[in-house]
Asker: 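Handing you a structure now.
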Amino acid sequence: MTIRLYDTNARQIRDFAPLTAGCVSIYLCGATVQAAPHIGHIRSGLNFDIMRRWFAYRGYAVTFIRNVTDIDDKIIAKSADQGRPWWAIGYENERAFDDGYTALGCLPPTYEPRATGHVPEMIEMMRGLIERGHAYEADGNVYFDVRSYPDYLELSNQELDNLRQPEGEGETGKRDKRDFALWKAVKPGEPSWETPWGRGRPGWHLECSAMAHKYLGTAFDIHGGGLDLIFPHHENEIAQAKAYGDDFAQYWVHNAWVTMSGEKMSKSLGNSVLVSEMVKTWRPIVLRYYLGTPHYRSMIEYSEESLREAEQAFARIEGFAQRVVELAGGVVEPSSEVPPAFAEAMDDDLGVPQALAVVHTTVRQGNSALAADDKEAAVARLAEVRAMLGVLGLDPFAAHWSGGAEQGEDLHGVVDALVRLVLDQRESARSRKDWATADAIRDQLGQSGLAIEDGPQGPRWTLKS
């Protein structure tokens, strides 16, 4: 068994070889909390949640760090525009991100550090870079000297002579316009911290290098994030960390975007779809299916039509699962292992689309077993389906989606008993050929949000999707 991942830095799929046998350390660039998340933001967290789950299934002890950038230019600009404290805006949106991750079934990270909680670590890193000749102070700013690091731009595969470095207001005193800010000198009305070079605030790139160093040490396995972070963010992280003396990340894994009309989903484009609004219209488990089942390196073009297709596809899986549970007369536990074809797909750069094809094939086999009244085979197929869905975070019987509380289970039992009484009346009407009454009962149940399906074992009900 070897997990293989596409490494952006190597530009190829590589066998995964952990730094420490049996362990995997992952750093994911998390939320910049200037606004509430849209589904494009949450996709990254969801893709790496699936990665984490697969490593855990394969027996690895996973350390998963997902940071929060709670101070940057955009947050400060929002603070000025809204007349609210920067920290209030950051905390409000941090909670919105947490709600979004939780709604879509993402496991909590091992640690979730905030940038503002790690200024001492940033000062220490800057001091080391200055001492090694890789950084310098100017006008209260601290800059990284890109020419001092020969491998700069290796990740993004750019030429230094053609580089256009993003630059913020007040970045004066640079020796080279391509140098980037580690620390930004204080400006009136902005938050600031004391340093040996004067008061100011951190640059975005320095934050992640310092936090990764603190929580994962001088070297770790995987650094993740969206494609848009390759340059300048991840390129500059590498330069800082390696110039400081860290080996840093051994693999770089990037997820693709959610697009609308071919453009990256972005609040600046006015085309974002907020998670908090989406979950009012779509079941969260369906949103997870929609965002999590394409390959993580493939773009997702957002449309309601594609969401409806995802809803219908997942409904077929759920319908099979519910029918087997009814036939079995109780819960069917997941298999201890997923089918080999599923494992092979997941090992190959987290091939979720191919793995999902195995899920749907197994569901079809299970439906055939149900049609043949083969209870044993149907139960066996559901056990396999549950094992596979569990890896993807999509098992409808898992505590997160089912509620996991006895009260919820009891409520389902009460509803089932009441619906059964009505269905018995419908069956009585059908047996005496009173089709009008039977149809009226079915239509009334339909208006109440229930779908009735007549099968070999009698009528069954499900909630309409």
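Worth saying up front: this structure is predicted, and the values here are computed from it rather than measured.
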Asker: Distance under 6.0 Å and angle within 45° of the ring axis: does R297 meet both against Y6?
Answerer: yes

Asker: What do you reckon, is CZ of R164 surrounded by more than 12 foreign heavy atoms closer than 6.0 Å?
Answerer: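 At most 12 heavy atoms, drawn from other residues, nucleotides or ligands, come within 6.0 Å of this atom.
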
Asker: If you define the side chain from C-beta out and look only at heavy atoms, does anything of L155 sit under 4.5 Å from T8?
Answerer: yes

Asker: Please tell me if the side chains of E235 and L163 come closer than 4.5 Å, counting only heavy atoms from C-beta onward.
Answerer: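 A side-chain contact is absent here, since even the closest heavy-atom pair is not under 4.5 Å.
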
Asker: Distance to the ring centre below 6.0 angstrom and angle to the axis at most 45 degrees; does that hold for R147 and Y152?
Answerer: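 Output no; distance or angle outside limits.
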
Asker: Quick one, R283 with E318, criterion salt bridge (Lys or Arg N to Asp or Glu O under 4.0 Å). Give me CA distance, side-chain angles, the key distance, then yes/no.
Answerer: CA-CA 13 Å; R283 294 169 58 205; E318 278 189 309; 2.8 Å; yes

Asker: With respect to K184, which candidate in E167, E171, E137 satisfies the salt bridge (Lys or Arg N to Asp or Glu O under 4.0 Å) definition?
Answerer: E171

Asker: Is the Lys NZ or Arg CZ of R66 less than 6.0 Å from the centre of F48's six-membered ring, within 45° of the axis?
Answerer: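 Here R66 fails the 6.0 Å and 45° test against F48.
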
Asker: Parallel, tilted or perpendicular: which fits the ring planes of F180 and F144, with parallel below 30° and perpendicular above 60°?
Answerer: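 Because their plane-to-plane angle is under 30°, the rings of F180 and F144 count as parallel.
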
Asker: Can you name the nearest heavy-atom pair linking F397 to S402, along with the distance?
Answerer: O-OG, 3.5 Å

Asker: Once you round to the nearest 0.5 Å, how far does OG1 of T361 lie from CZ of R381?
Answerer: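 Going from the OG1 atom of T361 to the CZ atom of R381 covers 12.0 Å.
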
Asker: Considering all heavy atoms of both residues, which atom of L392 and which atom of R53 are nearest to each other, and what is their separation?
Answerer: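 Here L392 and R53 meet closest at C-CD, 4.5 Å.
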
Asker: Taking the side chain as every heavy atom from C-beta outward, state whether R127 and W197 have any pair of such atoms under 4.5 Å apart.
Answerer: yes

Asker: Around K187, counting heavy atoms of other residues, nucleotides and ligands shown, do more than 12 lie under 6.0 Å from its NZ?
Answerer: yes

Asker: Report the distance from atom CG of D221 to atom CG of L216, rounding to the nearest 0.5 Å.
Answerer: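 Between D221 CG and L216 CG, I get 9.0 Å after rounding to 0.5 Å.
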
Asker: Which heavy atom of V273 sits nearest a heavy atom of M278, and at what distance?
Answerer: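 Closest approach of V273 to M278, heavy atoms only: CG1-SD, 2.6 Å.
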
Asker: Restricting to non-hydrogen atoms, name the atom on V358 and the atom on P339 that form the minimum distance, rounded to 0.1 Å.
Answerer: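 Smallest heavy-atom distance, with atoms named: CG1-CB, 4.3 Å.
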
Asker: Using side-chain heavy atoms (C-beta onward) and a distance below 4.5 Å, is Y244 in contact with T218?
Answerer: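 No - every pair of side-chain heavy atoms lies 4.5 Å or more apart.
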
Asker: When the aromatic ring centroids of F97 and H41 are compared, is their separation below 6.0 Å?
Answerer: yes

Asker: Counting only pairs under 3.5 Å, give me each side-chain donor-acceptor contact of residues 101-109, with atom names and distances, residues two or more places apart or in other chains.
Answerer:
| residue | atom | partner | partner atom | Å |
| --- | --- | --- | --- | --- |
| T102 | OG1 | D98 | O | 2.9 |

Asker: In a table with atom names and distances, give each donor-acceptor pair under 3.5 Å that connects a side chain of residues 201-208 to protein atoms at least two apart or in another chain.
Answerer:
| residue | atom | partner | partner atom | Å |
| --- | --- | --- | --- | --- |
| R201 | NE | E190 | OE1 | 3.2 |
| R201 | NH1 | D73 | OD1 | 3.1 |
| R201 | NH2 | D73 | OD1 | 2.5 |
| H205 | ND1 | H233 | ND1 | 3.1 |
| H205 | NE2 | N236 | ND2 | 3.3 |

Asker: Short question: side chain of N141, backbone of A185 - any donor-acceptor pair under 3.5 Å?
Answerer: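 Judged by distance alone, yes, a pair lies under 3.5 Å.
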
Asker: Would you say the rings of H118 and Y215 are close, in the sense that their centroids are separated by under 6.0 Å?
Answerer: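 Yes.
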
Asker: Does some side-chain heavy atom of M211 sit less than 4.5 Å from a side-chain heavy atom of K214?
Answerer: no

Asker: Okay, side chain of E301, backbone of S261: is any donor-acceptor separation there less than 3.5 Å?
Answerer: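 The answer is yes, because a donor-acceptor pair under 3.5 Å joins these two groups.
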
Asker: In terms of ring plane angle, is the pair Y289 and H360 parallel, tilted or perpendicular, where the classes change at 30° and 60°?
Answerer: perpendicular

Asker: Quick check: are there more than 12 heavy atoms from other residues, nucleotides or ligands sitting under 6.0 Å from CD of E194?
Answerer: yes

Asker: Counting only heavy atoms not in E169 (residues, nucleotides, ligands), do more than 12 fall under 6.0 Å from its CD?
Answerer: no

Asker: To the closest 0.5 Å, what do you measure between CG (L394) and CD1 (I317)?
Answerer: 7.5 Å

Asker: Just wondering, do I76 and I71 contact through their side chains at under 4.5 Å, heavy atoms?
Answerer: yes

Asker: Hey, can you tell me if W86 and W193 have their rings parallel, tilted or perpendicular (30° and 60° cut-offs)?
Answerer: perpendicular

Asker: What is the minimum heavy-atom distance between I123 and P196, and which atoms define it?
Answerer: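 Looking at all heavy atoms of both residues, the shortest contact is CG2-CD, 3.9 Å.
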
Asker: Regarding R4 and D349, does a basic nitrogen lie under 4.0 Å from an acidic carboxylate oxygen?
Answerer: no

Asker: Between F220 and H223, what is the ring plane arrangement, given parallel below 30°, perpendicular above 60°, and tilted in between?
Answerer: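 F220 vs H223 ring planes: tilted.
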
Asker: Inspect the contact between K74 and D72 and indicate whether a charged nitrogen and a carboxylate oxygen are less than 4.0 angstrom apart.
Answerer: no

Asker: Could you tell me whether the side chain of F342 reaches within less than 4.5 Å of the side chain of V391, counting heavy atoms only?
Answerer: yes

Asker: Which distance, rounded to the nearest 0.5 Å, do you find between the CG of L382 and the CD of E333?
Answerer: 10.0 Å

Asker: May I ask you to check whether over 12 heavy atoms, not counting those of R114, lie within 6.0 Å of atom CZ?
Answerer: no

Asker: Thinking salt bridges, do E304 and R308 make one under a 4.0 Å N-O criterion?
Answerer: yes

Asker: Taking only residues two or more places apart in sequence, or in another chain, which ones meet F64 in a ring pair (Phe, Tyr, Trp, His ring centres under 6.0 Å)?
Answerer: none

Asker: Is any side-chain heavy atom of F231 closer than 4.5 Å to a side-chain heavy atom of L153?
Answerer: yes

Asker: Supply the atom-to-atom distance D228 CG to H234 NE2, rounded to the nearest 0.5 angstrom.
Answerer: 8.5 Å

Asker: Is it the case that more than 12 heavy atoms not belonging to E344 sit under 6.0 Å from its CD atom?
Answerer: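 Incorrect, the count does not exceed 12.
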
Asker: Any ion pair linking R95 and D99 (charged N to carboxylate O, less than 4.0 Å)?
Answerer: no

Asker: Specify whether Y136 and Y143 have parallel, tilted or perpendicular ring planes, treating 30° as the upper limit for parallel and 60° as the lower limit for perpendicular.
Answerer: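 Taking Y143 first and then Y136, their aromatic rings sit tilted (interplane angle of 30° to 60°).
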
Asker: Calculate, to the nearest 0.5 Å, the distance between atoms CZ and CG belonging to R52 and N47 respectively.
Answerer: 14.5 Å

Asker: Quick one, H213 with E124, criterion side chain to side chain contact (heavy atoms under 4.5 Å, CB included). Give me CA distance, side-chain angles, the key distance, then yes/no.
Answerer: CA-CA 11 Å; H213 178 91; E124 181 180 344; 5.5 Å; no

